[in-house]
Amino acid sequence: MRRKIALEELLERAPATAAQNTAPQQPASAPARARAPHTEFEFELPLGYLDDEGTVHRHGTMRLATARDELMPQIDLRVKENPAYLSVVLLSHVITRLGDLSDVHAGVVERMYATDVAFLQDLYQRINSEGHTRAAVTCPHCDGAFEVDLAGGRLGES
């Protein structure tokens, strides 16, 4: 029987970046190894979430959405009663951290300023619908591998 392996476990098993850089070059005929996709993106909210203690939380992390993240809001009673609530539920599933808060639930997203919610919706679209904006490239002159940001800016910054 096969055992299911979580993404975190796979990433732990992957060799460290420094070890990859010091490894000897493979011959040109050897197949290239696929890299794990970048799944979490840091952001900074334009205004920030103000919690009950008066602390403003601006820095956070959003992960790529899964099919389950997209489907779960469809059966949520709050979304059935008010379809506009879908983005609140969806964002609460994919925001993994906001300042000191590790539990970002729908109530937190509800109390965010509209500017910040619009910013997060845009970030969600950029990383999930259009894909991330980083691409692995190889220099045609020296065969050096590196990443470039095709958007020209850093994700999550306005």
Side-chain angles (χ1 to χ4, degrees), residues 3-23 33-137 145-158:
R3 180 174 72 90
K4 289 187 179 182
I5 298 175
L7 178 61
E8 291 80 19
E9 187 177 343
L10 284 175
L11 292 176
E12 287 175 9
R13 290 183 182 183
T17 306
Q20 289 175 348
N21 291 340
T22 58
R33 247 178 106 176
R35 292 182 56 191
H38 186 86
T39 59
E40 289 203 335
F41 299 86
E42 292 188 6
F43 61 83
E44 183 175 334
L45 294 174
L47 298 175
Y49 168 71
L50 183 64
D51 67 16
D52 293 334
E53 287 79 38
T55 305
V56 176
H57 304 274
R58 292 186 69 199
H59 298 279
T61 307
M62 181 184 291
R63 66 172 172 76
L64 287 176
T66 63
R68 181 184 177 102
D69 294 324
E70 296 264 342
L71 293 170
M72 289 303 289
Q74 301 296 329
I75 61 171
D76 190 298
L77 294 177
R78 298 168 295 187
V79 174
K80 286 184 176 184
E81 290 176 8
N82 181 3
Y85 202 75
L86 183 134
S87 64
V88 170
V89 174
L90 188 55
L91 288 173
S92 71
H93 282 275
V94 296
I95 297 172
T96 57
R97 183 184 54 79
L98 182 59
D100 296 335
L101 307 174
S102 57
D103 179 27
V104 181
H105 50 81
V108 170
V109 179
E110 279 179 356
R111 294 182 10 222
M112 287 183 177
Y113 296 109
T115 301
D116 289 336
V117 173
F119 172 85
L120 291 168
Q121 289 171 329
D122 179 61
L123 178 61
Y124 179 91
Q125 284 296 107
R126 286 180 65 193
I127 68 174
N128 289 291
S129 295
E130 301 166 10
H132 60 81
T133 59
R134 295 184 187 141
V137 296
F146 58 96
E147 283 188 356
V148 294
D149 187 352
L150 301 175
R154 292 184 357 183
L155 277 176
E157 292 186 350
S158 53

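Hydrogens, waters and symmetry mates play no part in the numbers below; they use all other heavy atoms, side chains included.
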key: Steps toward side-chain contact (heavy atoms from CB on, under 4.5 Å) verdict (Gln74, Leu86)   = CA-CA 8 Å; Gln74 301 296 329; Leu86 183 134; 3.2 Å; yes
request  = Run the numbers on Leu98 and Phe43 for side-chain contact (heavy atoms from CB on, under 4.5 Å), then give the verdict.
outcome  = CA-CA 9 Å; Leu98 182 59; Phe43 61 83; 4.0 Å; yes
request  = Verify side-chain contact (heavy atoms from CB on, under 4.5 Å) between Val94 and Met62, making sure each step is shown before the conclusion.
outcome  = CA-CA 6 Å; Val94 296; Met62 181 184 291; 3.8 Å; yes
task = Evaluate the side-chain contact (heavy atoms from CB on, under 4.5 Å) criterion for residues Tyr113 and Leu45: first the C-alpha distance (whole Å), next the side-chain angles of each, then the deciding distance (0.1 Å), finally the verdict.
result = CA-CA 10 Å; Tyr113 296 109; Leu45 294 174; over 6 Å; no
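The distance from the CZ atom of Phe41 to the CG atom of Asn128 is 8.0 Å, given to the nearest 0.5 Å. Distance check, rounded to the nearest 0.5 Å: CG of Leu90 to CD1 of Ile95 gives 9.5 Å. Interatomic distance, Asp76 CG to Leu71 CG, rounded to the nearest 0.5 Å: 13.0 Å.
Counting heavy-atom neighbours within 6.0 Å of Asp100 CG, excluding the residue itself, gives a total of 12 or less.
Between the side chain of His57 and the backbone N or O of His59 there is no donor-acceptor pair closer than 3.5 Å. Between the side chain of Thr61 and the main chain of Glu40, no donor-acceptor pair closer than 3.5 Å is present. Between the side chain of Asp69 and the backbone N or O of Thr66, at least one donor-acceptor pair lies under 3.5 Å. No donor-acceptor distance shorter than 3.5 angstrom exists from the side chain of Arg58 to the backbone of Tyr49, with no hydrogens or angles considered. Of the possible polar contacts, none joining the Arg78 side chain to the Pro73 backbone as a donor-acceptor pair under 3.5 Å is found. The backbone N or O of Gly48 sits less than 3.5 Å from a side-chain atom of Asp116, completing a donor-acceptor pair.
Looking at every heavy atom in both residues, Ala106 comes nearest to Ser92 through N-CB, 3.5 Å. Closest non-hydrogen pair, Leu101 versus Val104, comes out as O-CG2, 4.3 Å. Leu47 approaches Val56 most closely through the heavy-atom pair O-CG1, 3.8 Å.
The only member of Glu110, Met112, His105 that meets side-chain contact (heavy atoms from CB on, under 4.5 Å) when paired with Val88 is Glu110.
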